[in-house]
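Below you'll find the structure, written out as structure tokens, and then a few comments.
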Amino acid sequence: MTIHQALLLAGGRGTRMWPLTATVPKGLLPVAGVPFLDLQIRQLAAAGIDEVFLAVGRSQLREWQQFAESRRGVRLVVEDEPLDTAGPVRAALDDLDERFLVLNGDVVIEADLAGYLAAAQPGAKATLGLVEVEDTSAYGVVVLDDSGMVDRFVEKPPADEAPATTVNAGLYVMTRAALAVYGEGPLSFERVVFPALAAEGALQGVVIAGRWLDIGTPELFLDCTGAVLAGKTALYRPKSAHLVEGECRGTTSGGWSWIAAEASVEPGAVVEESVVLPGAVVGSDTMVRHAIVGWDVVIGSNSIVTGATIIGAGATIGPNSELDHGIRIAPGARLEPGAVTFSPPQ
Ligand code: GDD
Ligand code: MG
């Protein structure tokens, strides 16, 4: 049976990407100008998936609606309360085919999806996409038997108790049969559905190889943007590793940079391996290195913004500031000149 539907779980709060996520839901944060989830949707389209459900919460619903309305074949499944990972899928079951894909919405694994779909056995109630990692601590650990069925699924066991190095990639071929036995309400794939299917002998695992794209933390967001700009993914190839859509009267340096439309960089300023979002102004002789400057931010002159700092939308940073060490500036905040600095006066 061919698969043409996917459900993306995109309900998380994106706390680790605050304050960008105060303005835009995490899944829609722009990677060199493209909403992150578009990378996944493009990959799905290339594998013949033409109907995509996005499971989201009520917060930032307007942003999600705008996104869904402007994409063909994308529909929202909205939860009044968080239903965990399997609950939203169970709730949407009436609209889903006998077999469909489910994907965690916070990472994209650029892989041979067609090969993975072809490897899914019709007899399995679910087929997990798996990857090999060294450190399993952030993942669901999967033990396979010789026939490729899952013997055990253990969500985030303590590192010294992990029974394998094969982990859940957050990509599943799912069947209605796997979920129809559960009632409505919150339900976890990782803690309930998968362990039960494994015990039944109905859970298959297929190891896939591929590049992870992840925007879960400021460092990862910057790495992901850098990888995309450096042309390392086939899902989106920007024109240049230094993508200047706004006005740059200073310079860009390092391996990559993105200065979005309507942003401006004043003379003497340097933008290096950083993201300057639409409408932001980087003042003269200011250095932005390995940092994220939010929408409509104004940074005064002679400042340094570095160390995976994020400045929230509409904030004003006075001249002679030094923002470092992952500091987060709230949306709309106003910093007096030199108010934040790590350098003692001369
Ligand atoms: N709609 C909705 N509602 N989505 C949710 C909810 C919810 O209540 N809770 C979590 N999600 C979404 C998250 O946004 C994310 O895309 C996905 O479900 C997984 O949740 P995470 O909270 O990111 O889980 P994790 O990263 O700790 O672990 C998961 O991913 C690993 C691979 O990255 C698990 O699936 C692990 O087994 C897996 O190895
Ligand atoms: Mg996650």
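Given the structure is predicted, the values throughout are model-derived calculations rather than measurements. Indexing begins at 1, ligand by ligand and atom by atom, following the structure's order. Residue numbers run from 1 in the order of the sequence given.
- Residue N104 holds the heavy atom nearest to atom 17 (C) of ligand 1 of all those in V133, V154, N104.
- Among V265, V276, V271, T252, the single residue meeting the side-chain contact (heavy atoms from CB on, under 4.5 Å) criterion with V244 is T252.
- Surrounding CZ of R334 are at most 12 heavy atoms belonging to other residues, nucleotides or ligands under 6.0 Å away.
- Here the protein heavy atom with the shortest distance to atom 14 (O) of ligand 1 is G12 N, 3.0 Å.
- In this pair, F194 and F189 present their aromatic rings parallel. The plane angle is below 30°, not in the 30 to 60° band.
- Distances from atom 12 (C) of ligand 1 to the heavy atoms of L54, L9, V89 show the closest one on L9.
- For E262, the CD atom counts as loosely surrounded, since its 6.0 Å shell holds 12 or fewer non-hydrogen atoms of other residues, nucleotides or ligands.
- Within 6.0 Å of CZ on R176 lie more than 12 heavy atoms contributed by other residues, nucleotides or ligands.
- Between A55 and ligand 1, a contact under 3.5 Å exists for at least one N or O pair.
- Which parts of ligand 1 touch E155 is read off a 4.0 Å heavy-atom cut-off, strictly below it: atoms 28 (O), 34 (C), 36 (C), 37 (O).
- Interatomic distance, T316 OG1 to D296 CG, rounded to the nearest 0.5 Å: 10.0 Å.
- Near T85, the atoms of ligand 1 lying under 4.0 angstrom from a non-hydrogen atom of the residue are 18 (O).
- The distance from ligand 1 to the heavy atoms of G105 drops below 4.0 Å at these ligand atoms: 16 (O).
- For atom 24 (O) of ligand 1, the nearest non-hydrogen atom of the protein is K156 NZ, 4.4 Å.
- When only interatomic distances are considered, the shortest N/O to N/O separation between P88 and ligand 1 does not fall below 3.5 Å.
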**Q.** Test side chain to side chain contact (heavy atoms under 4.5 Å, CB included) applied to L9 and V102, step by step
**A.** CA-CA 8 Å; L9 294 165; V102 175; 4.1 Å; yes
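- For ligand 1, the atoms lying closer than 4.0 Å to a non-hydrogen atom of G140 are 36 (C), 37 (O), 38 (C), 39 (O).
- Considering all non-hydrogen atoms of both residues, P157 and Y139 come closest at CD-O, 4.1 Å.
- Ligand-side atoms of ligand 1 in range of E190: 34 (C), 35 (O), 37 (O), range being under 4.0 angstrom from any heavy atom.
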Q: Given side chain to side chain donor-acceptor pair (under 3.5 Å), test S253 with E272 step by step and report yes or no.
A: CA-CA 5 Å; S253 79; E272 179 177 312; 2.7 Å; yes
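- Looking only at side-chain heavy atoms (C-beta outward), L220 and I215 stay at 4.5 Å or farther from each other.
- Summarising the contacts of atom 8 (O) of ligand 1 with D84, L128, I109, V107, the nearest heavy atom is found in D84.
- Protein heavy atom in closest approach to atom 4 (N) of ligand 1: G11 N, 3.1 Å.
- With I317 as the partner, the side-chain contact (heavy atoms from CB on, under 4.5 Å) test is satisfied by one option alone out of I329, V298, V282, V281: I329.
- Residue-ligand proximity, Y172 to ligand 1, at heavy-atom distances under 4.0 Å covers atoms 35 (O).
- With respect to the Mg ion (ligand 2), D106 has OD2 as its nearest N, O or S atom.
- The single protein non-hydrogen atom nearest to atom 38 (C) of ligand 1 is N168 O, 3.3 Å, given as residue, atom name and distance.
- If you chain together hydrophobic residues whose side chains sit under 4.5 Å apart, V24 and I311 never meet in one group.
- Counting heavy-atom neighbours within 6.0 Å of R249 CZ, excluding the residue itself, gives a total above 12.
- In K26, neither the side chain nor the backbone holds a heavy atom less than 4.0 Å from any atom of ligand 1.
- Listed by number with element, the atoms of ligand 1 under 4.0 Å from a non-hydrogen atom of P82 are 8 (O).
- Closest heavy-atom approach to atom 23 (O) of ligand 1 within the set L83, D106, T136: this belongs to D106.
- At least one N or O atom of E79, backbone or side chain, sits closer than 3.5 Å to an N or O atom of ligand 1.
- Within the structure, ligand 1 lacks V167 among the residues with a heavy atom less than 4.0 angstrom away.
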